[in-house]
Amino acid sequence: MQVSEALLFQLGALLATLAVLGGLARFLALSPIPVYLLAGLCLGKGGVVPVAAAGEFIATAAPIGVVLLLLTLGLEFSATEFASSLRRHLPSAAVDVVLNAAPGAAAGWLLGLNGVAILALAGVTYISSSGVIARLVQDLGRLGNRETPAVLSVLVLEDFAMAAYLPLFAVLAAGGGWVEAVVDMVAAVGALAAAFTASYRWGHHVGRLVEHPDSEQLLLRVLGITLIVAAVAEVLHASAAVGAFLVGLTLTGATADRARQVLGPLRDLFAAIFFLSIGLSVDPHELVPMLPVALALAAVTAATKVATGVVAARRDGVARRGQLRAGAALIARGEFSLIIIGLIGTSIPGFAALGTSYVFVMAIAGPVLARYAGGASTPATGST
């Protein structure tokens with residue numbers, strides 16, 4: 001079989017670079033996410049060292065990284081507990097929409113954008129990055145914190161909202177009518193609701209299906225089912241990340257423990273590639289012109305996300321420090337925002353540059369702010 005020497009060399013050099021940068025971040029007690037993003041920025045479009053040969057592999061591997069991050073996050077919870085948490089946080093979701101979509105819509109109006117672009121910018125500022133935050137919670141050792149279920153509930157409800165928003169917006173961005181857009185939206189929401197109901201009621205059968213004493217068999221079964229469910233979720237205009245999360249919720253007990261062990265190294269590898277891919281997709285020359293506006297918008301929406309997290313964590317009876325940690329954890333934007341920007345493309349002059357600048361600022365600032373917000377972490381059995 002013919003092997004591309006350029007692909008092997010570039011991929012090897014990238015992974016070695018990420019190892020060095022990640023090790024430095026760990027030494028400084030920081031999440032490695034910001035340095036992975038900056039590495040991608042330096043190596044991608046307009047960067048100092050292009051890595052074209054490795055680009056296709058990275059583009060393919062990046063979505064798998066998000067799927068694995070949300071799968072392993074789902075393994076930490078049971079479907080029953082999480083369904084209860086979702087119901088409790090429906091008011092938090094309403095607060096999230098009002099606080100975080102409004103600044104984007106207002107900024108679009110002030111910049112003189114048309115209705116579709118205003119809707120797009122509202123979506124960009126509203127949706128947090130499930131992939132970045134899932135990794136961040138693990139990096140900071142906060143999986144057992146009292147505020148973490150509130151954070152995850154907000155993220156999943158945002159992904160549910162995206163199941164309605166993306167089909168609607170995609171049709172409008174392509175020049176379609178409102179009737180077609182609403183039909184697509186209703187179909188997507190219905191499919192996602194049916195999938196969640198099936199996971200809640202019959203998901204325990206998945207555990208029996210994948211359970212096996214051999215680790216290789218367990219890995220292949222869990223990963224195979226997860227990727228299939230993620231693909232179906234995408235076909236239904238829902239989120240592959242939500243599909244993977246639902247699979248994780250269905251696995252409990254010893255099966256979930258073993259799945260976490262066998263999936264851990266694979267998750268870390270593909271997650272690093274996912275963060276690298278965000279930086280690679282950005283041309284640094286496009287960031288500069290819109291950076292002042294992006295920074296102003298980032299400051300406003302960082303504050304509104306913190307407020308969202310405070311409201312959500314308060315509903316779970318979390319103390320003030322935990323509320324601040326929850327809010328800071330939600331700041332990062334990422335993959336969904338970039339999808340929205342991609343749907344607009346170059347049809348609106350300056351929009352892609354503004355949106356991309358904003359996302360990159362938030363993707364870097366979010367993990368840094370989350371590291372220092374709210375003080376030390378406290379397990380779920382503690383008071384904060």
Side-chain angles (χ1 to χ4, degrees), residues 7-55 57-59 61-62 64-66 68-69 72-73 128-143 145 260 263-285 287-288 291 294-295 298 302 325 328-335 338 356-357 359-377:
L7 169 62
L8 294 177
F9 178 79
Q10 289 182 12
L11 192 56
L14 282 173
L15 294 178
T17 301
L18 293 181
V20 173
L21 294 175
L24 178 61
R26 301 288 187 191
F27 177 77
L28 297 174
L30 295 172
S31 168
I33 294 172
V35 294
Y36 292 167
L37 293 168
L38 289 172
L41 185 67
C42 294
L43 299 173
K45 301 176 181 178
V48 293
V49 184
V51 286
F57 173 84
I58 292 172
I64 299 175
V66 179
L68 289 172
L69 281 168
T72 54
L73 201 58
S128 298
S129 171
S130 299
V132 173
I133 296 168
R135 176 60 186 267
L136 186 60
V137 170
Q138 295 170 9
D139 283 346
L140 298 178
R142 296 179 181 174
L143 282 173
N145 280 25
R260 279 194 294 269
L263 287 166
L266 200 62
R267 174 205 63 204
D268 294 342
L269 171 62
F270 281 93
I273 293 174
F274 161 66
F275 300 125
L276 180 73
S277 73
I278 295 178
L280 288 173
S281 67
V282 177
D283 187 339
H285 300 100
L287 300 181
V288 178
L291 198 55
L295 286 170
R325 287 196 298 267
L330 289 168
I331 288 174
R333 270 62 160 192
E335 63 277 11
L338 292 173
T356 304
S357 299
V359 171
F360 205 78
V361 168
M362 298 299 271
I364 291 177
V368 175
L369 293 173
R371 167 66 179 81
Y372 297 104
S377 299

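The residues of the chain are indexed from 1 along the displayed sequence.
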Any idea which heavy atoms bring Leu37 and Phe360 closest together, and the distance?
O-CZ, 3.5 Å
Looking at every non-hydrogen atom in both residues, tell me the closest pair between Leu330 and Ile133 and how far apart they are.
CA-CD1, 3.8 Å
Pairs in or reaching into residues 15-31: which pass salt bridge (charged side-chain N to carboxylate O under 4.0 Å, His left out), with residues at least two apart or in two chains?
Arg26-Asp139
Are any non-hydrogen side-chain atoms of Leu24 and Val35 less than 4.5 angstrom apart?
no
Do Leu69 and Val132 come close enough that some side-chain heavy atom pair is under 4.5 Å?
no
Taking the side chain as every heavy atom from C-beta outward, state whether Phe275 and Leu38 have any pair of such atoms under 4.5 Å apart.
no
Distance-minimising heavy-atom pair for Met362 and Ala298
SD-CB, 3.4 Å
Less than 4.5 Å apart, any side-chain heavy atom of Ile58 and any of Leu14?
yes
Closest approach of Ile33 to Ala363 (non-hydrogen atoms, all atoms of both residues):
CG2-O, 4.4 Å
Begin with the C-alpha distance, continue with both residues' side-chain angles, and end with the deciding distance and a verdict on side chain to side chain contact (heavy atoms under 4.5 Å, CB included) for Leu68 and Leu269.
CA-CA 10 Å; Leu68 289 172; Leu269 171 62; over 6 Å; no
What is the distance from atom CG of Leu136 to atom CZ of Arg371, rounded to the nearest 0.5 Å?
10.5 Å
Can any side-chain N or O of Ser129 pair as donor or acceptor with the backbone N or O of Ala332 at less than 3.5 Å?
no
Testing the basics here: between Ala61 and Ile273, what is the closest heavy-atom pair and its distance to 0.1 Å?
CB-CG2, 3.8 Å
Non-hydrogen side-chain atoms of Pro32 and Arg135 separated by less than 4.5 Å
yes
Quick one: list whatever passes salt bridge (charged side-chain N to carboxylate O under 4.0 Å, His left out) with Asp268, sequence neighbours left out.
none
How many angstroms lie between OG1 in Thr17 and CG in Leu276, if you round to the nearest 0.5 Å?
9.0 Å
Does any part of the side chain of Thr72, heavy atoms only, come nearer than 4.5 Å to the side chain of Gln138, both counted from C-beta?
yes
Search all heavy atoms of Ala370 against all heavy atoms of Leu140 and return the closest pair with its distance.
O-CD1, 3.9 Å
